[in-house]
Amino acid sequence: MHSFGYRLNGLLTFAVTILALMCVIASLSDNLNIPSPSAEIQIMNINWFQKQPKGSDEVSLTMNISADLQSLFTWNTKQVFIFVAAEYETRKNSLNQVSLWDAIIPAKERAKFWIRSSNKYRFVDHGKNLRGKEFNLTLHWHVMPKTGKMFADKIVMSGYSLPEEYI
């Protein structure tokens, strides 16, 4: 006969094994979802484009951001972190990224949105590299699941440029 401790140990080991197996199956089943998000960003206004006293260029933009990210949500999605970044090249760096705006989407019901906003974070280049510069606006997202690994992706929107002169 086994004692109460042995029986309890066997029962807990079995329960934890089943729970771990369920988590693995849940995480793998999330890979069957093929998301198809869409987004569009329009620059409505360049509020200012100036040279700072230390020589850096700074830009303030007003943007319309519309997106439908509902396909990123499954039963396993806890929340989605999104951010808009300006990406451009300089002679010194092949990729410069400046985060302009971000948000956390906690539920599928809030994943289809339209917002008009100025950049939340400063768009600064530590040099004189922004005049006449072409750049991309990229919507990045990180899906945070309840169980399993996070995944990230992005939509790149090109064709934006800054003026040749300061405003």
Side-chain angles (χ1 to χ4, degrees), residues 27-28 30-167:
S27 181
L28 292 176
D30 211 24
N31 291 335
L32 300 175
N33 180 41
I34 300 171
S36 57
S38 62
E40 183 180 342
I41 302 173
Q42 296 174 332
I43 296 179
M44 302 310 292
N45 189 30
I46 297 176
N47 302 326
W48 75 78
F49 179 33
Q50 63 191 12
K51 182 178 177 182
Q52 294 179 327
K54 294 184 179 179
S56 301
D57 288 345
E58 182 177 6
V59 181
S60 174
L61 306 169
T62 300
M63 303 173 286
N64 281 349
I65 304 167
S66 61
D68 183 359
L69 306 176
Q70 291 179 327
S71 64
L72 296 174
F73 281 82
T74 66
W75 64 271
N76 191 30
T77 304
K78 181 177 180 180
Q79 64 187 13
V80 177
F81 172 72
I82 59 173
F83 68 97
V84 174
E87 300 177 344
Y88 59 97
E89 293 182 15
T90 59
R91 286 180 297 185
K92 197 173 187 180
N93 299 309
S94 62
L95 178 62
N96 295 281
Q97 289 182 315
V98 180
S99 181
L100 301 177
W101 177 86
D102 65 8
I104 294 174
I105 303 174
K108 184 175 186 175
E109 294 78 33
R110 296 185 180 178
K112 189 172 186 177
F113 62 90
W114 176 89
I115 186 169
R116 181 183 199 120
S117 175
S118 290
N119 44 310
K120 198 174 182 181
Y121 305 106
R122 296 174 56 191
F123 185 177
V124 176
D125 181 75
H126 298 289
K128 300 170 188 162
N129 299 310
L130 291 181
R131 285 186 291 170
K133 182 61 68 179
E134 292 187 10
F135 64 98
N136 298 330
L137 289 176
T138 305
L139 180 72
H140 295 262
W141 61 83
H142 296 265
V143 177
M144 298 170 194
K146 294 174 185 168
T147 181
K149 70 175 192 165
M150 278 189 0
F151 75 90
D153 207 352
K154 62 186 175 182
I155 297 174
V156 179
M157 291 156 268
S158 58
Y160 303 98
S161 62
L162 292 169
E164 292 287 338
E165 299 298 324
Y166 298 118
I167 300 173

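Starting from 1, each residue takes its place in the sequence as its number.
The aromatic rings of Phe113 and Trp101 sit tilted, their planes meeting at an angle between 30° and 60°. Note on ring orientation: taking the six-membered ring where Trp is involved, the planes of His142 and Phe81 are tilted (angle from 30° to 60°).
Taking every heavy atom of both residues into account, Asn136 and Gly159 meet most closely at OD1-N, 4.3 Å. Minimum heavy-atom separation, Ala39 to Met157: O-SD, 4.0 Å. The minimum heavy-atom distance between Ser38 and Leu69, with the atom names listed, is O-CD2, 4.3 Å. Closest heavy-atom contact between Phe49 and Glu165: CD2-O, 3.5 Å. Across all their heavy atoms, Asn33 and Pro35 have their closest contact at O-CD, 3.4 Å.
Defined by atom type and a distance below 3.5 Å, a donor-acceptor pair is present between the side-chain atoms of Tyr88 and Asp125. For the residue pair Gln42 and Glu40, a side-chain donor N or O sits within less than 3.5 Å of a side-chain acceptor on the partner. Using modelled atom types, one finds no donor on one side chain facing an acceptor on the other under 3.5 Å when comparing Ser94 with Glu89. Between the side chains of Asn47 and Ser60, a donor-acceptor pair is found at a separation under 3.5 Å.
Side-chain contact between Val124 and Ser56 is present, with at least one heavy-atom pair separated by less than 4.5 Å. You'll find the side chain of Arg116 reaches within 4.5 Å of the side chain of Met44, heavy atoms only. Residues Leu130 and Phe135 are not in side-chain contact: their nearest non-hydrogen atoms beyond the backbone lie 4.5 Å or more apart. Side-chain contact between Asn64 and Ile41 is absent, with no heavy-atom pair separated by less than 4.5 Å. Inter-residue side-chain proximity for Leu162 and Ile46 is flagged as met; some heavy-atom pair is nearer than 4.5 Å. Inter-residue side-chain proximity for Leu72 and Trp141 is flagged as met; some heavy-atom pair is nearer than 4.5 Å.
Judged by distance alone, with hydrogens and angles left aside, the side-chain atoms of Ser71 form a donor-acceptor pair with the main-chain N or O of Ser36 at under 3.5 Å. In terms of modelled atom types and a separation under 3.5 Å, the side chain of Thr74 and the main chain of Asn76 share a donor-acceptor contact. Distance alone, capped at 3.5 Å, places no donor-acceptor pair between the Asn93 side chain and the Leu95 backbone.
The distance from the CD atom of Glu58 to the NE2 atom of His126 is 10.0 Å, given to the nearest 0.5 Å. In this structure, CD1 on Ile43 lies 5.0 Å from CG on Leu137, to the nearest 0.5 angstrom. Atom CZ of Phe73 is separated from atom NZ of Lys112 by 14.5 Å, given to the nearest 0.5 angstrom. Taken to the nearest 0.5 Å, the OG atom of Ser99 stands 9.5 Å off from the CG atom of Asn119. How far CG of Asp102 is from CZ of Phe83: 8.5 Å, rounded to the nearest 0.5 Å. Expressed to the nearest 0.5 Å, how far CD of Gln70 lies from CZ of Arg110 amounts to 13.0 Å.
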Steps toward side-chain hydrogen bond (donor to acceptor under 3.5 Å, both in side chains) verdict (Glu87, Thr138): CA-CA 7 Å; Glu87 300 177 344; Thr138 305; 3.0 Å; yes

Derivation and outcome, side-chain contact (heavy atoms from CB on, under 4.5 Å), residues Ile105 and Ile82: CA-CA 8 Å; Ile105 303 174; Ile82 59 173; 3.8 Å; yes

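Between Asp57 and Lys128, none of the side-chain N atoms (NZ, or NE/NH1/NH2) sits under 4.0 Å from a carboxylate O, so this pair counts as no salt bridge.
A 6.0 Å sphere centred on NZ of Lys120 holds more than 12 heavy atoms belonging to other residues, nucleotides or ligands.
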